[in-house]
Number of protein chains: 2
Amino acid sequence: MSEVLASSERKVFRPRPRMGLAELMRDDIVSGALPAGSLLKTIELSKRYGVSTNPIREALHQLSGEGFVVLSRNRSAQVRSLDETFVRNIFDIRTLIEPYLIRVFVEQARKDDLDRAREVQQRLEVTQGDQVEWDKLDEEFHGIMYKRHFNGEARAIRQRHGEVVRALARRYPISSARRATVLKDHWEIIEAVEAHDADRAAQVVERHARGAERHLLLRMREGA
Amino acid sequence: MSEVLASSERKVFRPRPRMGLAELMRDDIVSGALPAGSLLKTIELSKRYGVSTNPIREALHQLSGEGFVVLSRNRSAQVRSLDETFVRNIFDIRTLIEPYLIRVFVEQARKDDLDRAREVQQRLEVTQGDQVEWDKLDEEFHGIMYKRHFNGEARAIRQRHGEVVRALARRYPISSARRATVLKDHWEIIEAVEAHDADRAAQVVERHARGAERHLLLRMREGA
DNA sequence: AACACCCAAATTATACAAAGTCAATGATAG
DNA sequence: CTATCATTGACTTTGTATAATTTGGGTGTT
């Protein structure tokens with residue numbers, strides 16, 4: 001019937017544009033490309049990301065579940081502000097969860113896990129300038145210790161919070177002093193795990209998280 | 001142009017059916033109406049709930065964010081199994097978060113909060129048979145102590161986990177022995193808060209949560 | 001200032017097209 | 001003859017498009 005819209009004009013069902021529209025949008029939120037408080041209108045977003053409104057709405061629902069946007073009926077979604085309070089909240093939870101996670105690793109750590117951790121740690125030592133590479137290795141280091149924990153819920157919470165923190169850290173890069181402290185903490189964690197000292201490992205991990213929080217907050221205050 | 005579909009046949013845009021399709025579906029999941037592991041096909045669901053597939057897809061995304069269903073690309077969503085492992089995982093996290101939450105309440109508790117808590121507690125004492133009423137009051141009791149905590153992320157996690165547990169508890173009702181223990185725990189919490197003893201409050205709350213976990217697991221094993 | 005009205009945007013319904021999944025079927029090699 | 005692998009087709013999800021309708025906020029009138 002209607003040849004008005006020739007096939008040249010019609011958008012042509014991008015098969016798998018998606019390796020995560022929600023992930024894309026989350027990155028844009030945390031990186032500041034979608035500023036806190038801004039109104040996310042589905043049509044604008046659909047233009048911005050080159051998809052129709054349906055996937056946008058689904059992504060918004062997912063992000064709402066994750067706490068990055070606030071939905072209200074018949075109103076534009078709003079970007080959740082990622083301020084100091086938010087960072088503090090996230091790190092409070094992280095400070096509870098990470099010691100809980102590491103205790104299991106102390107008991108179940110295999111030799112090849114520890115070898116891998118040491119290897120990653122050595123690569124961290126020589127990674128100087130590159131923030132992204134550093135973040136990747138740091139996540140891998142901790143990921144080795146948590147990835148086999150039975151509590152998938154806890155792992156998921158830590159994972160989500162980690163993504164926020166990493167994205168924020170890209171905005172406020174790490175100092176070299178902090179890097180040195182991180183490296184020291186990591187070696188101490190490895191030592192504690194090798195010694196099967198769960199209490200010490202948990203304690204170091206907690207201190208490690210608190211240190212990361214303090215450093216990020218400091219950077220946010222002076223860098224904003 | 002097309003009058004082919006007369007208004008008699010066309011579904012007529014239900015104006016505000018939705019105060020939570022996702023909530024409806026979540027209840028059906030936790031209550032077992034949508035059995036664990038079953039495949040959630042969007043068309044079937046749209047018939048079941050009397051809406052079109054669009055809202056269904058959005059609800060599925062939200063439930064996926066909340067962890068009740070598992071989405072994989074190009075495959076039907078699957079209902080997450082709410083088994084013992086899941087309960088244990090949730091309570092592990094709850095056992096970390098609730099003591100953290102109560103500590104702030106010990107410091108900030110107002111007189112009217114405590115009065116209200118006592119009032120709710122007295123209503124709990126006389127609530128015998130009604131599981132739903134009991135759950136409502138129990139949630140209100142703890143809600144009083146947590147609702148003003150600054151950490152909205154932690155509150156949200158606890159809230160979500162609480163909903164699951166309550167829904168499961170409807171399937172495996174509480175025993176009268178457990179009720180007595182809960183009442184004793186609650187008075188002990190009130191006492192600790194009044195005495196400004198954060199450590200004791202945290203300790204009691206942790207024990208309270210562990211007790212709830214043990215009781216629910218027991219019921220699940222014998223009741224299934 | 002109170003009120004009605006209008007408009008932009010969201011919400012829902014529906015239809016259709018493209019692409020992935022899965023299983024059954026059939027062909028082929030050993 | 002049997003086991004393995006490729007093809008096919010039904011079913012399902014994912015995406016695009018558009019119409020009908022509600023909602024909430026802003027605008028203008030009294």
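It should be emphasised that the depicted structure is a prediction, and the values quoted were computed from it without experimental measurement. Proteins come first, then strands; the chains are lettered A, B, ... in the order of their sequence lines, and each starts at number 1. Keep in mind that the numbers below use all heavy atoms, side chains included, and drop hydrogens, waters and symmetry copies.
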Residue list, salt bridge (charged side-chain N to carboxylate O under 4.0 Å, His left out) with B:R26, at least two apart or on another chain: B:E23, B:E66, B:E163
Nearest-angstrom distance from the residue atom CG of A:L21 to C1' of D:dT16: 14 Å
Qualifying salt bridge (Lys or Arg N to Asp or Glu O under 4.0 Å) pairs, either residue in residues 43-64 of chain B, two or more places apart: A:R57-B:E58, A:E58-B:R57, B:D28-B:R48
d(CD, B:E58; P, C:dA13) in whole Å: 10 Å
Pairwise ring-ring contact (aromatic ring centres under 6.0 Å, His included) hits with a residue in residues 135-166 of chain B, at least two apart: B:Y100-B:H149, B:F141-B:H186, B:H142-B:H186, B:H142-B:H208
Separation of D:dT13 P from B:Q78 CD (nearest whole Å): 12 Å
Distance test, side-chain N/O of A:T42 to OP1/OP2 of C:dA9, below 4.0 Å: no
Whole-Å gap separating P (D:dT23) and CG (A:L39): 20 Å
Integer-rounded Å distance: D:dA10 P and B:K41 NZ: 16 Å
A:S76 vs C:dA10: side-chain N/O to OP1/OP2 distance below 4.0 Å: yes
Protein-nucleotides 24-27 of chain D N/O pairs closer than 3.5 Å?
unit_1 : atom_1 : unit_2 : atom_2 : d
D:dG25 : OP1    : A:R75  : NH1    : 3.2

DNA chain C: 5'-proximal contact among A:E44 and B:T53 (nearest heavy atom): A:E44
C:dT11 phosphate, OP1 or OP2, under 4.0 Å from A:R57 side-chain N/O: yes
All salt bridge (charged side-chain N to carboxylate O under 4.0 Å, His left out) counterparts of A:D138, not counting sequence neighbours: none
A:E139/A:R158 salt bridge by N-O under 4.0 Å criterion: yes
Between P of C:dA18 and CG of A:N54, the distance in whole Å: 18 Å
Side chain to side chain donor-acceptor pair (under 3.5 Å) involving B:D113 - partner list, sequence neighbours excluded: B:R148
Sugar-phosphate, base or nothing in reach of B:L40, heavy atoms under 4.0 Å: sugar-phosphate
